[in-house]
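Numbers restart at 1 for each chain; the letters A, B, ... are given by sequence-line order, proteins then strands. Treat the numbers as computed from the prediction; the structure is a model and nothing was measured. Note that these values count all heavy atoms, side chains included, but never hydrogens, waters or copies made by symmetry.
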Amino acid sequence: MTLVKVYVTYKKSILDPQGEAVKKAVHGMGFNDVEDIRMGKYFEISVDGDSPTVKEDIETICDQLLANPNMETYRYEFVESEEV
Amino acid sequence: MTLVKVYVTYKKSILDPQGEAVKKAVHGMGFNDVEDIRMGKYFEISVDGDSPTVKEDIETICDQLLANPNMETYRYEFVESEEV
Amino acid sequence: MTEPTATMINEQKLYKAWGLSEAEFKIICDKILHRLPNYTEAGLFSVMWSEHCSYKNSKNVLRKFPNKGKRVLAGPGEDAGIIDIDDNQAVVFKAESHNHPSAVEPYQGAATGVGGIIRDIFSMGATPIAMLNSLKFGNLTDEHTKYLANEIVAGIGGYGNCIGIPTVGGEISFQERYKNNPVVNAMCVGLINNSDIKYGKAKGENNLIIYVGAKTGRDGIHGATFASDEFTDDNKSQRSAVQVGDPFMEKLLMDACIELVQEHSDWIMGIQDMGAAGLVSSTAEMASKAESGLVLELDQVPQRETNMTPYEIMLSESQERMVLCAKPQYRDEIIKFFNDAGLDAVVIGKVTADKQYKIYQHGELVTDIPVAGLVDDSPEYVHEGQTPKRLLSENYQEQYVPQVSSLSKTWLELLKQPNIASKEYFYQTYDSQIKANTVVKPGSDATVVRVRGTRKALAMTNDGNSKLVYVDPYVGGQIAIIEASANLIASGSEPVGITDCLNYGNPEKPEVFWEFNRSVEGMASVCETLELPVISGNVSLYNEFNDEAIYPSPMIGMVGLTKDLDDVTTQGFKNDGDAIYLVGTTKNDYNGSEIQLMQTGDVKGSLNEIDLAQIKANQKQILQAIQAGLIASCHDVSEGGLAVALAEAAFENQLGFEVKTSLTSEEIFSETTGRFLVSVKADQKAAFEKLFNDDIEFLGTVSNEQTLRLTTSNSDANVDLNEALKNWKEAIPCLMK
Amino acid sequence: MKFAVVVFPGSNCDKDLFFAIKDGIKEEVELVNFQETSLDGFDAVLIPGGFSYGDYLRSGAIAGHAPIIPAIKQMAAEGKPVLGICNGFQILTEIGLLPGALIKNNHNRFICETVPLQVMNNQTQFTSEYEADQVIDIPVAHGEGNYYCDEATLKELKDNDQIAFKYQADINGSVDYIAGITNKEKNVLGMMPHPERALEKLVGSDDGLKMFQSILKNHMDRVNQ
Ligand SMILES: Nc1ncnc2c1ncn2[C@@H]1O[C@H](COP(=O)(O)OP(=O)(O)O)[C@@H](O)[C@H]1O
Ligand SMILES: [Mg+2]
């Protein structure tokens with residue numbers, strides 16, 4: 001079993017209204033040291049077996065589904081996990 | 001400047017309709033090795049200065065705003081970053 | 001975890017933590033089972049006998065409502081009530097509260113409330129066509145309240161917009177008392193052909209019990225008793241009964257169930273949604289209604305998690321699930337039908353003749369109890385009421401006298417009050433137009449939705465001014481019904497039936513019970529007079545935070561039948577030169593009013609008695625005048641009195657007016673119920689006046705000028721229309737910033 | 001003329017579009033399931049609004065992988081009219097038939113209201129019945145209708161007259177107030193507002209009718225040539 005973590009965020013040039021809203025709320029709570037908040041999506045993907053193409057597969061999944069290259073970028077990391 | 005990354009996910013026992021839908025789509029694309037997908041939120045928080053309470057602050061923000069302890073758990077990590 | 005044994009449950013009185021009293025437990029052991037219940041059985045009784053499922057504290061009071069009428073096809077007891085609207089068509093509606101879940105997880109709590117009420121409608125075989133909601137929050141000056149309001153409204157919109165049912169109306173009010181215990185009531189209205197109506201019955205030995213929809217997880221276990229529990233600071237952190245809604249799944253489920261009922265009605269005997277208390281309540285009620293028994297095989301139940309106990313499976317409140325009772329010969333067709341729609345469907349049991357409720361897991365019999373004992377034998381409590389002290393204080397009869405030193409200032413100030421100001425900021429986030437049938441959109445007295453393919457329409461509204469119920473439960477209750485009815489009448493529709501949500505504090509407290517009972521008596525008295533049946537509803541008790549109850553908050557959901565689209569009328573003035581009238585007599589009614597709240601920060605003092613016969617006569621006349629084509633606009637006069645009604649009538653099409661009234665500058669803010677503000681085309685004045693010889697006053701004319709000119713018997717005001725509009729429109733967005 | 005309305009799981013304006021064709025312009029129309037792989041025999045394809053797959057992940061993303069998609073692309077390649085409304089627009093950008101993307105409204109809220117739109121190009125087969133620069137009232141209802149594209153793309157849209165409709169005010173943060181765009185060939189139109197909800201004055205506006213009449217007229221003109 002392999003655990004893959006994928007992070008998808010808006011490109012820097014794009015306004016992130018949710019992040020903005022959270023930032024406002026954080027300031028409302030009095031934490032004025034917080035300069036910026038960006039919000040994105042986070043996926044935990046468990047992949048069975050040890051297919052040699054697993055890395056490729058994940059990239060395909062990210063490119064074609066999890067992120068829209070017009071506006072988003074992604075990053076992923078593999079975490080070997082002994083159990084689910 | 002400190003960069004904090006926060007990951008918020010539903011508790012294991014809670015239905016994750018988004019993760020389910022994405023998993024089905026991934027299977028539809030032919031990647032049947034994917035066993036499970038859970039979807040969560042990801043925040044990148046830039047904090048100014050080096051307030052000694054920064055860790056506490058982040059926890060308060062997570063507890064009170066970013067995650068609802070009734071159904072979500074969170075995890076965070078600090079990344080020192082020289083520039084924004 | 002190993003489950004406690006029957007003896008432990010008995011000796012350590014573990015059942016108490018689940019909300020069963022000692023006396024109740026004794027009935028279960030001695031009268032029903034003649035033995036001790038095991039863990040699962042005790043759990044089943046505890047949810048089925050909770051207030052939420054059994055109405056043990058409220059049944060007795062609810063009987064005061066009339067529920068019969070010549071149009072009533074199904075009344076209380078079914079998932080939703082049904083009213084005939086001619087031409088072999090009927091309207092199906094019900095309302096549901098989700099106060100406690102929404103306090104804990106506002107977005108999901110509100111969203112799953114919407115999901116639940118939609119299932120109640122399509123489980124009757126009806127197609128949902130509209131939704132409404134009634135929300136009561138603390139004051140918008142409070143940060144937590146803003147958060148709750150935002151999230152709750154987003155949850156309602158999120159679910160409704162996604163599933164594709166227009167959210168067309170409702171009410172929102174604000175009062176300190178709801179700060180930690182918001183009221184979140186949702187109503188759904190559906191349409192059905194009379195021949196398609198399905199009841200939730202598990203009938204006929206060996207017929208199959210089929211489970212459809214989402215998998216069962218450990219979420220929301222004990223939600224039903226949670227809903228009947230008081231809140232304190234303490235258990236704010238122990239909260240666990242939260243579920244996540246999946247509107248996408250529900251959309252698939254809804255479309256499939258409606259198609260099943262419409263196209264394959266012969267396959268099934270009954271259909272019911274799994275709502276509060278999940279699998280146990282839906283299946284046991286279906287069996288009880290048909291006087292049958294049931295056997296369930298829990299290993300067949302689709303499960304999202306591993307090692308679930310019978311207790312957990314039976315009590316789980318996972319969302320988006322339905323139960324069918326089906327004929328065995330159609331088993332394969334039914335399963336294929338749902339699978340094709342992308343849904344799980346499995347046989348989990350069958351109907352038996354022995355009237356026992358039996359559950360097996362891993363081949364072992366884990367529950368064996370009489371269906372009737374579980375569903376029908378719950379005790380019924382008749383509480384002693386006691387008049388709340390605040391109502392007995394000296395001078396309680398006295399009317400508040402408003403201070404109006406500047407008519408225009410008071411008027412403008414009142415338009416800014418959150419209870420009066422436009423709620424567009426919130427309802428704009430609801431898709432109110434999907435299906436392209438919404439003839440009158442949110443913003444007028446009632447919303448009107450046409451019945452496609454006919455000249456008919458349905459008008460609908462949610463009402464319940466809890467300030468009035470708080471100061472005077474009986475009269476306040478009466479006004480709730482009068483106002484709802486007036487809203488429909490003003491839209492050109494004839495009221496045909498009522499659903500309600502009765503939101504109160506802990507009924508075991510004599511003062512709370514008294515409020516509950518008296519306000520229901522008040523409502524029932526008007527239902528009798530206006531011949532309006534209450535065909536469905538919901539009770540939410542124990543709405544308290546740290547021992548303080550919310551205001552007694554009955555919510556009335558009323559539906560009207562508009563006979564012809566030509567009758568549809570809105571509150572806004574239409575043409576320059578139209579004559580303006582006030583129908584109904586104005587008295588000194590300031591107690592519980594918005595002006596009292598604005599000027600004193602509180603509401604108190606009893607309400608004047610109401611002349612129901614007069615109100616009935618006026619409502620009837622107004623509807624006739626609308627149907628005769630005599631009325632250009634019609635608005636019921638309620639919160640803020642004539643002053644606010646006039647302004648609102650001016651806002652819709654941005655027309656000013658010139659009004660001169662015999663009322664004083666104080667009376668202009670009186671909230672005497674049962675009045676209407678009407679405008680009439682100049683050439684129809686005579687015909688209109690003839691219809692209403694007595695109880696009307698000619699006020700003046702609508703004008704193209706952007707000014708609201710008002711002359712009272714002791715003062716006058718010239719207010720710029722745009723300034724008034726701005727006060728009214730921007731108050732809430734401004735507070736929410 | 002024969003129209004296809006594609007139904008994805010979670011589409012919820014499919015029936016409204018169906019009625020727009022059947023009752024609005026009284027032409028032939030069929031609901032086509034997302035699992036079909038061919039649109040042979042149809043003269044136009046309409047992709048309805050709604051929340052395909054719940055809009056989970058990203059609006060339109062999962063629908064972009066449905067079996068029907070290649071058939072839609074083929075219709076587009078053949079020059080037949082392809083119209084995506086709201087979620088349909090989102091899907092068209094996801095599958096690359098239209099440039100750019102639709103992201104969350106800049107105010108983070110869902111909006112439902114009837115708004116004035118300006119017809120920016122009345123020379124397309126979707127808009128020819130409108131006057132040049134005509135302002136029409138059409139309802140919007142979306143949470144992710146904020147049209148985004150980079151500057152180069154925007155320039156291209158302008159240079160090629162691909163902007164079909166613009167809002168009259170900033171209602172959601174869209175680049176250049178864009179409400180609807182076409183492809184270069186002008187046979188694929190995506191728009192956030194809902195013309196199918198504006199067919200009768202009774203429900204607020206009938207300004208949407210002309211869009212469907214345009215499609216029909218241009219088709220008939222082609223056939224009669
Ligand atoms: N929660 C809500 N959802 C949808 N519409 C709402 C909501 N709250 C208020 N509205 C709409 O705002 C308008 C004014 O509401 P309200 O002041 O309660 O009217 P009335 O006093 O005539 O009952 C109505 O059209 C109502 O449907
Ligand atoms: Mg009203």
Contacts of residues 55-62 of chain B with chain A (heavy atom under 4.5 Å):
Asp57(B), Thr60(B), Ile61(B)

Test item: Phe78(A) and Val54(A) side chains (from C-beta on) under 4.5 Å apart, heavy atoms
yes

Report which part of Lys23(A) has an atom under 4.5 Å of a heavy atom belonging to chain B: side chain, backbone, both, or neither.
neither

Do you know which of Val6(A), Ile45(A), Val4(A), Val8(A) has the most heavy-atom pairs under 4.5 Å to chain B?
Ile45(A)

Going by the ring pair (Phe, Tyr, Trp, His ring centres under 6.0 Å) test, which pairs reach into residues 41-62 of chain B, not counting sequence neighbours?
Tyr7(A)-Tyr42(B), Tyr7(B)-Tyr42(B)

Please list, chain by chain and in numerical order, all residues satisfying side-chain contact (heavy atoms from CB on, under 4.5 Å) with Lys24(A), sequence neighbours excluded.
none

Check each atom of Met29(A) against the heavy atoms of chain B and say whether the ones under 4.5 Å are side chain, backbone, both or neither.
side chain

So, do Lys41(B) and Lys41(A) sit near enough that their side-chain heavy atoms are less than 4.5 Å apart?
no

CD on Glu20(B) to CE on Met39(B), rounded to 0.5 Å
13.0 Å

If the contact rule is any heavy atom under 4.5 Å from chain B, which residues of residues 65-77 of chain A qualify, in numerical order?
Leu65(A), Leu66(A), Arg75(A)

Bottom line for Thr53(A): the part with an atom under 4.5 Å from chain B's heavy atoms is neither

If you count heavy-atom pairs within less than 4.5 Å of chain B, which of Asp48(A), Val26(A), Asp16(A) leads?
Asp48(A)

Are Arg38(B) and Thr9(B) close enough, and set up right, to give a side-chain contact (heavy atoms from CB on, under 4.5 Å), and what steps lead you there?
CA-CA 8 Å; Arg38(B) 305 277 293 174; Thr9(B) 48; 5.6 Å; no

Validation row: Leu3(B), Glu44(B) side chains within 4.5 angstrom (heavy atoms)
yes

Taking His27(A) for its side chain and Asp33(A) for its backbone only, find out whether a donor-acceptor pair lies under 3.5 Å.
no

